[in-house]
Amino acid sequence: MPTLSRGASMITLLAMAVTGRAADWELSLDTRAVTSDAGRSFMDGGLGTTRFDRNDSGMQLGRLRLALSSPLGELWSAHLDASVWDDKDRSPVGVTEAYLQFRPYPRAGYRFRLKAGAFYAPISLENRAAGWESPYTLSYSAINTWLGVETRTIGLEGQLDWLGTRTGHVFDLGLTGGVFGWNEGTGVVLAGNGFMLHDRQTPVFGRVGPPGVGVLPFQQFDGRAGVYAGVEGRWLDRVVLRFLRYDNRADATSMDTVSGAIAWNTRFNSAGLRIESGTGWTGIVQWLQGETYIEPAPGLDFAWPFRAQFALLSKRFGRQTLSARYDRFEVDSNVPDGDGRQTGHAWTAAWMFDADAHWRLALEWLQVRSYSYLRTEFGGPPLATETQLQLAVRYAFGSGVR
Amino acid sequence: MRPSTRPHRISCATRGVGGALALLALTGAEPLWAATLVISVQTPDGRALSGAVVTARPLDTPPRRPAPVHAVMDQVSRAFAPDLLVIAVGSTVAFPNSDSVSHQIYSFSAAKRFQLPLYRGKPYPPVQFDQTGVITLGCNIHDDMLAYLLVTDAPYFGRTDARGAWSVDVPRGRYQVSIWHPRLRESDTDLQRELTVGDADRADLQLHLLKSLQPAPINDRPHSWDY
């Protein structure tokens, strides 16, 4: 809700005032020249798998982003990430993350961390840059696009790390657990649109799609908290391996009496591996498998099992990065007429050039080939090949950009 | 750890040996420089290992403690500078912060446990290191920051140069030589050697590592990425 966004902004500003210490801030503007032959974008209520459709060719706003972080004393800090996406959400400015972090000093090789607020669960190995962006491509993989659209931890997360690399070993290990609310809508976009590949993250309490038709992934009306638990292993600073089990524990029989929204019970397992070399190579693979289901009436349950994988290979040449990624995704359905069934794969190739700390130039080609049963309901052929080419220019400035 | 090409504020190797020399001069000991001890270290593939810490202890005479120094380990571009210091036991190290961002440095190594919040422009008193050993330093805000302090009571110590060599003038006698490097995979005892500095002007010790080093930390990753 906008109240939370305002609340988070207030917390950050208050933090700055209380500590008397200037917050770190960053403002960036990302503009795009786009050419696309894709079907109507999800933000216009369509079934296109890319962010920009054939009516969006031309200049577009990629993202206008403001990030603030401020210490609150020695061990606490406040973080806020707000963006304008130039689309039709409920509010022109959306907060994608806003949280407080407690970060005590490590003791005897162990460290505890606590986050409270709204933030991403530690799943993606691709979205490692500021603002949960990917430094490899403009459009995220199908897995991480979905996480950006429909998942956010609005709650608490605890993390316990064993810092082996600080005690003469070559490994670090971490355990993560999260408890969160406002998750009854998680799964609705997957069942309604299927997987997509883009970089538009749904703001906290934001809407996906146009007014009247769009859906709200972040709602709370069943009185149940979701949970996740994950483990992470690292070898030096070269290899990261992650597993996470997520269950929003939504009561699939629950319905919001005011909006008529149904609670989507969504569970998944995810795994990821990232390997980096000392010569600029990066390889990432991620895997996701789960199911979302609803039970609008006793004995009437609809389930959409889903799975997706991707492999990304990237090479850094000084200030330039070349990346290629292959995605595969599938949503199944037990609905008798196959409602929501989707299969597809995608190729992404991107060149990024960080001219200096302020300017970044990027060129990305993305082609998605997918079958979607829902397209036939709109009178189209179920199979589509969609190609999108983007040229992005981003300018960033702030206290930490130099 | 960041590239070792960053200019070091002080050279502790020089100061350590210089301190030992000064101590000798003060105590009026005989100038018994009989020979040059040259230690060179090679990786298993035959390449020179630069930056390795070498310590040499006389075995025939009672150990003489090296003179403490005042060293500096700065924070520059979200990295410790330098990322490795060898200091005599009893030395102090100042940790200024030349960055525009705050750091919170810590160590939970047995030789010295401490934590320091380093806000920009706010100096802290130097930290004294009274116990020998390796101290691993990290930053509680920036996980990719990593540095080492090696605190030694050996009278002779230093680091190998680009040719993998370190040399020092020492009196005749038997010496125990030890090698340390943050990326070594061999144990300390595997890399201890005894040698005798005899009648010749020069005594050479060549050490060949049997195991390759751990990979060096990636240092060209943008700071805004998680690591």
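On a predicted model such as this, the values are computed, not experimentally measured, just so you know. Every chain is numbered from 1 and lettered A, B, ... according to where its sequence line falls, protein lines coming before strand lines.
- Among R185(B), Q104(B), Q214(B), the residue making the largest number of heavy-atom pairs under 4.5 Å with chain A is Q104(B).
- Evaluation of the ring pair (Phe, Tyr, Trp, His ring centres under 6.0 Å) rule for F102(A) yields W76(A) as partners, not counting sequence neighbours.
- Here G109(A) is the residue among G278(A), G109(A), G280(A) with the most heavy-atom pairs under 4.5 Å with chain B.
- The residue from F108(B), F95(B), Y106(B), Y124(B) that alone fulfils the ring pair (Phe, Tyr, Trp, His ring centres under 6.0 Å) condition with F114(B) is F95(B).
- What you find for G90(B) and Q128(B) is that their closest heavy atoms are O-NE2, 3.0 Å.
- For chain B, the nearby part of W235(A) is the side chain; its heavy atoms alone come within less than 4.5 Å.
- Comparing E26(A), R238(A), Q101(A), E133(A) by how many heavy-atom pairs each has under 4.5 Å with chain B, the most go to R238(A).
- Put simply, of I141(B), V134(B), V101(B), the one with the most heavy-atom pairs under 4.5 Å next to chain A is I141(B).
- For S399(A), the part sitting under 4.5 Å from any heavy atom of chain B is the backbone (N, CA, C, O) and nothing else.
- Ring geometry, F397(A) versus Y395(A): the interplanar angle falls from 30° to 60°, so the pair is classed tilted.
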Verdict with supporting geometry, R183(B) and D83(B), salt bridge (Lys or Arg N to Asp or Glu O under 4.0 Å): CA-CA 13 Å; R183(B) 287 159 46 212; D83(B) 55 25; over 6 Å; no

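- Rounded to the nearest 0.5 angstrom, N127(A) CG and L147(A) CG are separated by 8.0 Å.
- When heavy atoms are compared at a cutoff of 4.5 Å, I105(B) approaches chain A solely by way of its backbone atoms N, CA, C and O.
- Put simply, of G168(A), A130(A), P104(A), G318(A), the one with the most heavy-atom pairs under 4.5 Å next to chain B is P104(A).
- Here P135(A) is the residue among A129(A), P135(A), A357(A) with the most heavy-atom pairs under 4.5 Å with chain B.
- In this structure, chain B has a heavy atom under 4.5 Å from the backbone of S277(A), while its side chain stays farther away.
- In this structure, a donor-acceptor pair under 3.5 Å is absent between the side chains of R394(A) and S28(A).
- Your options are P215(B), G138(B), P222(B), and the one with the most heavy-atom pairs under 4.5 Å with chain A is P215(B).
- Ring planes of H79(A) and Y99(A): parallel class, angle under 30° (limits at 30 and 60°).
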